[in-house]
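Everything on this sheet refers to the single structure shown next.
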There are 2 protein chains.
Amino acid sequence: MNGEHDAPRRQRLTRAEAKARTRTLLLDAAARIFARKGFTGASVEEIAEAAGFSTGALYSNFNSKEALFLELLSDRQNDRIAEAARALDSHEAGSGEAAAELGRLLIDVADKDIDFAPLQAEFWLYAVRNPQALETMAAKLREPRRALEQVISTSLAERGAPEGVPAETVATVVAALFQGLVRLRRLDPSSVSEELFAQALTWLFAGIDAAGTPTGAEDD
Amino acid sequence: MNGEHDAPRRQRLTRAEAKARTRTLLLDAAARIFARKGFTGASVEEIAEAAGFSTGALYSNFNSKEALFLELLSDRQNDRIAEAARALDSHEAGSGEAAAELGRLLIDVADKDIDFAPLQAEFWLYAVRNPQALETMAAKLREPRRALEQVISTSLAERGAPEGVPAETVATVVAALFQGLVRLRRLDPSSVSEELFAQALTWLFAGIDAAGTPTGAEDD
DNA sequence: GTCTATACGTAGATAGAC
DNA sequence: GTCTATCTACGTATAGAC
């Protein structure tokens, strides 16, 4: 009855597209459930049901629970980080505006996207426990990291900071601060105000300027 | 033969002491295994065996796997953090020495005590997922946090920073930075050099000074 | 107080129907 | 390609011996 190489494609949704949609839905559900229950704590049945499918459908799209998790680790974790890079790109790092923008992003990540930080933590733990995944994760962080470095590098030059201050180092500090503050805010929101990240960045860049010109002398 | 209220105490190891020792050994093993496999990933049998006991002995000392984990969360997590507070106490925060000392501590935590950061991550995830444990965890972090605040407060006063800079805020920034850098170093050691934390602290405090006295004016 | 043996539930993964 | 049913293994927790 239903020939398979001739008939289908009735509503612009080919078989391949339908499968791709299923995959996407499963990945979305997996991100939520993994974030809420952890890699080992989450069950494949739970994930499949949350996506509206059965475990059979899940295994038809992914070889194993681990493969599903690793695909998230490779493909999904950049979403928010890329957003941060964009937020930085529209202003200059070190300026009050960029700091304020990043501050807002921090609050968003910590408060609105409640699954983000726990999922990142799961990724980090998995990477730390599985050396082969460690390189994958480090690689995935490199791209947005370079974007951050680039913006910081530009900003440092504009501020007249000396060449003794590599943008790479500053980018690391900013990234670490961001992560750390997001996690602290989840534990105790009152300890990490909405303006704190912006404030810290302001201090940091002022300190870099001061370190470049300790007593007020400039030029190199 | 062996009367129980009269005879024992032959090698200075009473029954109560023996049990306490068992508990300690189980807790030590639990810390290791939970750090390496995660809360859900670790099995009680694994933990018991690592401590040299059986699951029966474990359940004779703890009501459940969760109770064991919660005891670690409540009692053990302060070890390293208290150490940080002590490191700060011997110098003044903001001084080059204190910064260097903390920098060494960071490297120690990141490289030597390989179970510390993953265990903290497990605690954090558990707290984020279990609101009732969240308060427990936040409370446990408060004590060393106050110590950090105290030292920073003193240091700020010495440096002539204005009252507009609360030590509480600075302490949060320092703590977040520490956590964030430890985790980044585990992913990519080359991105977080041994001197980076000290460097970041130096910048931070210089920036605070500069913010207090923007163009070079002092006095209050 | 600790061990051995086990009950009971649940989870990852597969097989075969549709 | 997805679902239902199931196989198998493992993990928590308990019971009873020593």
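Every chain is numbered from 1 and lettered A, B, ... according to where its sequence line falls, protein lines coming before strand lines. For clarity, every value in this text was computed on a predicted model and none was experimentally measured.
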NZ/NE/NH1/NH2 to OD/OE distance under 4.0 Å, [X] and [Y]:
{"X": "B:Arg104", "Y": "B:Glu101", "result": "yes"}
{"X": "B:Arg142", "Y": "B:Glu135", "result": "yes"}
{"X": "A:Glu122", "Y": "A:Arg32", "result": "no"}
{"X": "A:Arg186", "Y": "A:Asp111", "result": "no"}

Between [Y] and [X], do the side chains contain a donor N or O and an acceptor N or O under 3.5 Å apart?
{"X": "A:Ser43", "Y": "A:Glu45", "value": "no"}
{"X": "B:Trp203", "Y": "B:Gln199", "value": "yes"}
{"X": "B:Glu195", "Y": "B:Ser193", "value": "yes"}

Pairing string, 5' to 3', for DNA chain C - Watson-Crick or wobble contacts under 3.5 Å, brackets [ ] where pairs cross, | to another strand: ||||||||||||||||||
Distance under 6.0 Å and angle within 45° of ring axis: B:Lys65 vs B:Tyr59: no
Interatomic distance, A:Leu68 CG vs C:dA13 P [rounded to whole Å]: 10 Å
Rounded distance in Å - NZ (A:Lys19) to P (D:dC3):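 Whole-Å distance recorded here is 13 Å.
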Whether A:Phe69 and A:Phe39 hold their rings parallel, tilted or perpendicular, with breakpoints at 30° and 60°: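 Tilted.
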Pairwise distance OG1(B:Thr24) to CD(B:Glu17) - rounded to 0.5 angstrom: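 Taking OG1 in B:Thr24 and CD in B:Glu17, the distance rounds to 11.0 Å.
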Close approaches to DNA chain D from residues 54-66 of chain A, in residue order (heavy atom, under 4.0 Å): A:Ser54, A:Thr55, A:Gly56, A:Ala57, A:Ser60, A:Asn61
DNA chain C contacts made by residues 23-50 of chain A, counting heavy atoms under 4.0 Å: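 Only A:Ala42, A:Ser43, A:Val44 qualify.
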